[in-house]
Amino acid sequence: QVQVVESGGGSVQAGGSLRLSCTASGRTFNNYVIGWFRQTPGKEREMVANINWSGTRTTYADSVEGRFTISRDDAKNTVALQMNSLEPEDTGTYYCGAMWYTDYLRGRSDWEFWGQGTQVTVSS
C-alpha cells in the first residue's frame, strides 16, 4: 500500500503559478502510477495529469496541456505538478492519486489510493 499527501495549494491571481507536491510513503513508490486530479463543487473529479511508474510517460488533460508539467522524484517519493499561466477555471481541490502499475496496464479506471486534497484558488 501507499499513502499520499498533497501540499502546495493556495490563492493566486490569473496568470500566476503554483507548484503542488504529492509525497508518498512506502518503499515501492516507483511501482505506482501517480495522477493529479481536481474537483469543483457539483462536478465530477477529473484527471489533470498523470505520470507512469518510470517517469517516462506523461498524460495531460487538454485544458492544461502546455501550462502544467508533472514530474516525479523517486528518491524523494514525490510527484510535483508545476502549474503556470493559471486561469480562474483551474480553481478547485486538487487530489493526488496512486495506482499500482500492473492495474494501470490492465486498464483499471478507479484509482485506489487518494490524498486529502489541497485547495487551489485562481482569481481574475
Side-chain angles (χ1 to χ4, degrees):
Q1 284 192 344
V2 66
Q3 291 182 326
V4 292
V5 178
E6 304 93 340
S7 61
S11 297
V12 66
Q13 288 190 328
S17 299
L18 284 173
R19 186 177 179 87
L20 305 183
S21 289
C22 172
T23 303
S25 62
R27 295 177 292 176
T28 58
F29 176 71
N30 60 348
N31 287 328
Y32 286 88
V33 178
I34 303 296
W36 280 100
F37 300 76
R38 69 185 177 197
Q39 189 170 23
T40 54
K43 293 186 178 181
E44 292 187 357
R45 191 173 298 186
E46 62 173 346
M47 194 277 291
V48 173
N50 67 51
I51 187 165
N52 72 346
W53 53 95
S54 61
T56 57
R57 183 169 182 172
T58 56
T59 303
Y60 296 93
D62 290 343
S63 59
V64 307
E65 182 82 51
R67 300 188 297 120
F68 290 10
T69 302
I70 189 170
S71 60
R72 67 187 298 157
D73 184 343
D74 287 346
K76 297 181 179 180
N77 276 17
T78 60
V79 170
L81 183 68
Q82 178 66 42
M83 306 186 295
N84 298 328
S85 302
L86 283 161
E87 303 169 352
E89 291 75 21
D90 295 317
T91 294
T93 303
Y94 282 69
Y95 297 90
C96 175
M99 182 184 297
W100 188 254
Y101 78 102
T102 55
D103 290 335
Y104 186 84
L105 290 174
R106 284 197 291 263
R108 180 173 180 173
S109 60
D110 57 316
W111 292 65
E112 186 173 5
F113 304 103
W114 292 98
Q116 294 301 307
T118 185
Q119 179 66 33
V120 170
T121 303
V122 184
S123 58
S124 58

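Predicted, not measured: the structure shown is a model, and the values here were computed from it.
Between the side chain of Glu6 and the main chain of Gln116, a donor-acceptor pair closer than 3.5 Å is present. Checked by atom type and distance alone, the side chain of Asp74 never pairs as donor or acceptor with a backbone atom of Asn77 at under 3.5 Å. Between the side chain of Thr58 and the backbone N or O of Ile51, no donor-acceptor pair lies under 3.5 Å. No donor-acceptor pair under 3.5 Å is formed between the side chain of Asp73 and the backbone N or O of Thr78.
The side-chain tip of Arg72 points at the ring of Phe29 from less than 6.0 angstrom away and within 45° of straight on. A cation-pi contact, defined as under 6.0 Å to the ring centre and within 45° of the axis, links Arg45 to Trp114.
Around atom CD of Gln3, no more than 12 heavy atoms belonging to other residues, nucleotides or ligands sit under 6.0 Å away.
In this structure, the side-chain contact (heavy atoms from CB on, under 4.5 Å) partners of Gln13, at least two apart in sequence or on a different chain, are Ser123. Legend: residues meeting side-chain hydrogen bond (donor to acceptor under 3.5 Å, both in side chains) with Asp103, ordered by chain and number and at least two apart, are Arg106, Arg108.
Looking at every heavy atom in both residues, Val120 comes nearest to Leu18 through CG1-CD1, 3.9 Å. Contact between Ala98 and Val2 at its shortest, heavy atoms only, is CB-CG1, 3.7 Å. Taking every heavy atom of both residues into account, Tyr94 and Met83 meet most closely at CE2-SD, 3.9 Å. Between Asn84 and Ser17, the closest heavy-atom pair is OD1-OG, 2.9 Å. The nearest pair of heavy atoms linking Gly9 to Thr118 is N-OG1, 3.1 Å.
Between Arg19 and Gln82 the shortest side-chain heavy-atom distance falls below 4.5 Å. Considering only heavy atoms from C-beta on, Tyr101 stays 4.5 Å or farther from Asn52 through its side chain.
Within the structure, the side chain to side chain donor-acceptor pair (under 3.5 Å) test picks out the following pairs touching residues 60-69 (sequence neighbours left out): Arg38-Ser63, Arg67-Asp90. For residues 45-83, there are no disulfide bond (SG atoms under 2.5 Å apart) pairs, not counting sequence neighbours. Sorted by first and then second residue, the disulfide bond (SG atoms under 2.5 Å apart) pairs involving residues 34-76 (not counting sequence neighbours) form an empty list. A disulfide bond (SG atoms under 2.5 Å apart) check over residues 10-103, counting only residues at least two apart or in different chains, returns the pairs Cys22-Cys96.
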TODO: Could you check Phe37 against Trp111 for ring-ring contact (aromatic ring centres under 6.0 Å, His included), going step by step and ending with a plain yes or no?
DONE: CA-CA 11 Å; Phe37 300 76; Trp111 292 65; 5.1 Å; yes
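The line from CG of Asn30 to CH2 of Trp53 is 11.5 Å long, rounded to the nearest 0.5 Å. Taking CD of Gln119 as the start and OG1 of Thr91 as the end, the distance is 7.5 Å to the nearest 0.5 Å.
Close placement of the Tyr32 and Trp100 rings is indicated, their centers lying within 6.0 Å of each other.
Residue Leu105 is grouped with residue Phe113 when hydrophobic side chains (ILVMFWY) are merged at heavy-atom distances under 4.5 angstrom, including chains of intermediate members.
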